[in-house]
2 protein chains.
Amino acid sequence: MAVTVKDVAKHAGVSTATVSRVINNDVRISDVTRAKVLESMEELDYKVNNIARSLKTNKTYTIGFICPELSNTFNMTLAKGMEDELRRFGYNVIICNSNENADEENERIRVLIQKCIDGVIIIPASNNGSHFKQLSDTGIPVVLADRLVDDFITDAVLVDNINASYSAMEYLIRQGVRRIGYIGGDLKITPARERDEGYRRALNDYCIPFESSIVKYGDFHARSGYEKMEELMKDENPPGYVFITNYYMHAGATKYLMEHRKDVKNPVTIASFDDMELASLLGYCKVLVSQPMLEIGSRAAKILMDRINGEDISFPMIYRLKAGLLFK
Amino acid sequence: MAVTVKDVAKHAGVSTATVSRVINNDVRISDVTRAKVLESMEELDYKVNNIARSLKTNKTYTIGFICPELSNTFNMTLAKGMEDELRRFGYNVIICNSNENADEENERIRVLIQKCIDGVIIIPASNNGSHFKQLSDTGIPVVLADRLVDDFITDAVLVDNINASYSAMEYLIRQGVRRIGYIGGDLKITPARERDEGYRRALNDYCIPFESSIVKYGDFHARSGYEKMEELMKDENPPGYVFITNYYMHAGATKYLMEHRKDVKNPVTIASFDDMELASLLGYCKVLVSQPMLEIGSRAAKILMDRINGEDISFPMIYRLKAGLLFK
DNA sequence: CTGTTAGCGCATTCAA
DNA sequence: TTGAATGCGCTAACAG
């Protein structure tokens, strides 16, 4: 069996309360006693049992992170920013994959509640957030990252997608491009909807007609990028420029173009969301919208810490981070 | 305050022991009592407190995962395979970033021990594994993934790197390529060393001289891939084929080639480890070594479950998974 | 500054 | 089949 406070207390010839005080850096304790206890802890190789501590304090110093897909660089870079920030506060993170499925998301939430986590950061799997209520009902603060949901209002860290999208379009238009194809995401997801709005608003502001034949909607996965680019290229009058609103669709679209070099009559140029990993190396890409992934994570973490520590901040706390624009 | 067994017991008119038995599916309990308790739990919206339970049972159903870098697709795809498998057994995973630093790794381990995790899966940050001993000393099983370390022997799931490397080389050689440049990783890391051995062995077996001027060592990061490709291309007699042993160096090398299209006299072709994300879309790439990332994770998880459940398996349990070869 | 005591929520002996 | 009692390891009143 492991060494407990009791063992240390006996070894040091003090009470368990004193040992506990030393562990928790209580000031009202003499230097000699502290030294004595510390020495005993060292000698016995004592390690606190955080389970027991949590049972008393009702704090686990553990945060749940639920995201739709683990092997996604956007999510994981966000997670990195988050983990890095939380660690400064002594928190750990339990990672959960919702598999882009609201039911699984709900299931993870139930488990996390039972594990008595102190807070949760979620990248929602869908636009349904009704099951998040069980968290707030239990008094567990929830911070959303990247996306909002219907029917649940809480803190969130988002990207100013509309303006990011608008700026990219504006840049292209100022370069003299007028006809810009579009591959967007599922409009049920807020970022997809917002990027769509930026696209349309830019067209409108610059008096460019919206052509539904060159506007396609995928699902933020590579396959749909491939398919939608194919549709665009098979149009009788394909656009020479395509704006794609996510990394994986960008990859899929590039794949299509590489495989069909001969079939595609005119050269295509791509502008895309997400400056991740190899995005800038993709052959057709000239413009990238760079999302502040690390910062989304660290900000979400910071808000959560504020909530947990009962800081007096307004509710809901919504951040809209700015994206950058990159040219090749 | 949350609902406890006591509340349920009172509501159902039974003892807490009975409630506990219902929760744990104890057989020796009458159907009527069980129904009564279940109903009370439902009505009061009772949720077990796993902290309290863990304190009694000494099991947290939580696994620690320590890896050198979170925003790395290889690591996270591995994590996905792992998480997916562990979930079937009712386990959650606490994710820790060691930042490719043995000291930070050590620090994470200390925290995890205090959290009373049931087991640990580690992608080692360095070749130093001496600090893993504190885990085994505490009775916590450790499974290594992807890499081995010096001075600590335990279960591990690895890739048969030597043969993977050898096969890729063999394929090239059979295609008639004889002069193959090489960009490898830090030889202190086992996979880098093994891939290096595969390269050299293939040259040797096919009677091709080893030319140290076209063999470079980086650190598995994009920047070093860039630099090493630059060195290769600035050689007075650059190779027409380059074998690169990791995804990020492949990306960096590609970046160099794209930026220096004019300077590079002869076209270069690349063979590389890792069929991840956009690897196959990179312009100079013709051959890819595909590592079974998900399986590394799920196997590591399975071994850990066996250890935790005290299954009678040999020690250490080492798996060497085969890599695949892909051509474009 | 330090010790005594109680109890966090649950599982588990031992009795009945 | 059920209940009463105990303790997991720790923290936090309260006393001194």
Side-chain angles (χ1 to χ4, degrees), chain A residues 1-41 44-62 90 111 113-118 138-139, chain B residues 1-41 44-62 90 111 113-118 138-139:
Chain A
M1 213 48 227
V3 183
T4 73
V5 276
K6 214 186 248 174
D7 302 321
V8 177
K10 189 182 293 174
H11 187 274
V14 297
S15 74
T16 62
T18 302
V19 176
S20 175
R21 285 186 188 111
V22 171
I23 292 168
N24 294 293
N25 288 315
D26 197 312
V27 281
R28 37 181 202 164
I29 207 148
S30 75
D31 288 349
V32 270
T33 325
R34 183 186 305 278
K36 203 166 52 181
V37 172
L38 250 21
E39 196 186 338
S40 291
M41 295 197 331
L44 301 177
D45 192 26
Y46 169 78
K47 295 193 177 75
V48 247
N49 179 329
N50 270 307
I51 297 298
R53 173 183 280 178
S54 294
L55 187 58
K56 272 302 278 189
T57 60
N58 239 334
K59 288 218 27 124
T60 54
Y61 285 92
T62 305
V111 172
I113 290 176
Q114 293 186 172
K115 290 232 169 175
C116 307
I117 38 95
D118 295 339
T138 319
Chain B
M1 213 49 226
V3 183
T4 72
V5 276
K6 214 186 248 174
D7 301 321
V8 176
K10 189 182 293 176
H11 187 274
V14 297
S15 73
T16 60
T18 302
V19 175
S20 175
R21 286 185 187 113
V22 172
I23 293 169
N24 295 292
N25 288 313
D26 197 311
V27 281
R28 38 182 200 165
I29 207 146
S30 76
D31 288 348
V32 271
T33 322
R34 182 186 305 279
K36 205 166 50 181
V37 172
L38 251 21
E39 197 186 338
S40 291
M41 294 197 334
L44 300 177
D45 192 26
Y46 169 78
K47 295 192 176 75
V48 251
N49 179 328
N50 271 306
I51 298 297
R53 173 182 281 179
S54 293
L55 187 58
K56 275 302 280 188
T57 59
N58 240 334
K59 287 218 28 125
T60 55
Y61 286 93
T62 305
V111 172
I113 290 177
Q114 293 185 171
K115 290 231 169 176
C116 307
I117 38 95
D118 295 339
T138 319

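To find a chain, count down the sequence lines: A is the first, B the second, and so on, and within it residues start at 1.
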ask   = Side-chain N or O of B/T4 less than 4.0 angstrom from OP1 or OP2 on C/dG9?
value = no
query = Taking NZ from B/K47 and P from C/dC10, how many angstroms apart are they, rounded to a whole number?
reply = 13 Å
inquiry  = Under 4.0 Å, counting only non-hydrogen atoms across every strand here, what does A/N24 touch: a base, just sugar-phosphate, or nothing?
reply    = sugar-phosphate
request  = Take the protein atom CZ of A/R21 and the nucleotide atom C1' of D/dA12, then report the distance between them rounded to whole Å.
outcome  = 8 Å
task = Report yes if a side-chain nitrogen or oxygen of B/S30 is closer than 4.0 Å to either non-bridging phosphate oxygen (OP1 or OP2) of D/dT2; otherwise report no.
result = yes
ask   = Taking the side chain as C-beta and beyond, is there a heavy-atom pair between A/R21 and A/T33 under 4.5 Å?
value = no
message = Need one value for A/R28: base, sugar-phosphate or nothing, where a base atom within 4.0 Å counts as base even if backbone is also close, heavy atoms only.
response = base
task = Would you mind reading off the distance between A/K10 atom NZ and C/dT4 atom P, rounded to a whole angstrom?
result = 14 Å
task = Whole angstrom is fine here: how far is it from CG in B/D7 over to P in C/dC8?
result = 11 Å
task = Counting heavy atoms from C-beta on, name the nucleotide in C/dC1, D/dC10, C/dT12 closest to the side chain of A/R53.
result = D/dC10
note = Heavy-atom nearest nucleotide on DNA chain D taken for B/D31 and for B/K56; more 5' hit belongs to B/D31
ask   = For the pair made of CG in B/N58 and P in C/dT12, what is the distance, rounded to whole Å?
value = 11 Å
query = Between atom NZ in B/K6 and atom P in C/dG9, what is the gap in whole Å?
reply = 8 Å
query = Contact class for B/V19 vs. all strands (heavy atom < 4.0 Å): base, sugar-phosphate, or nothing?
reply = nothing
message = I need the minimum non-hydrogen distance between A/I51 and B/K115, along with the two atoms involved.
response = CD1-O, 3.9 Å
query = B/V48 side chain: which of C/dC10, C/dC1, D/dT1 is closest?
reply = C/dC10
key: Inter-residue atom distance B/N50.CG - B/L55.CG, 0.5 Å rounding   = 12.0 Å
message = Students often get this wrong, so: under 4.0 angstrom with heavy atoms, is A/L55 touching a base, only sugar-phosphate, or nothing?
response = base
B/T138 versus A/K47, side-chain donor and acceptor atoms under 3.5 Å = no
ask   = Testing A/I23, A/T18, A/V22, A/L44 for side chain to side chain contact (heavy atoms under 4.5 Å, CB included) with A/V8, which one passes?
value = A/L44
message = Taking the minimum atom-to-atom distance to the side chain of B/A52, which one of C/dG3, C/dG9, D/dG3 wins?
response = C/dG9
request  = Give a yes/no on whether any side-chain N or O of A/T18 is located under 4.0 angstrom from OP1 or OP2 of C/dG3.
outcome  = yes
remark   = A/I51 atom CD1 is separated from D/dG7 atom C1', nearest whole Å, by 16 Å
inquiry  = With nearest nucleotide decided by heavy atoms, which residue, A/T16 or B/A17, maps closer to the 5′ end of DNA chain C?
reply    = A/T16
ask   = Rounded to the Å, how far apart are B/Q114 CD and D/dC10 P?
value = 10 Å
ask   = A/R53 and A/N24: which non-hydrogen atoms are nearest, and at how many Å?
value = NH2-OD1, 3.5 Å
query = Under 4.0 Å between a side-chain N/O of A/S15 and OP1 or OP2 of C/dG3, yes or no?
reply = yes
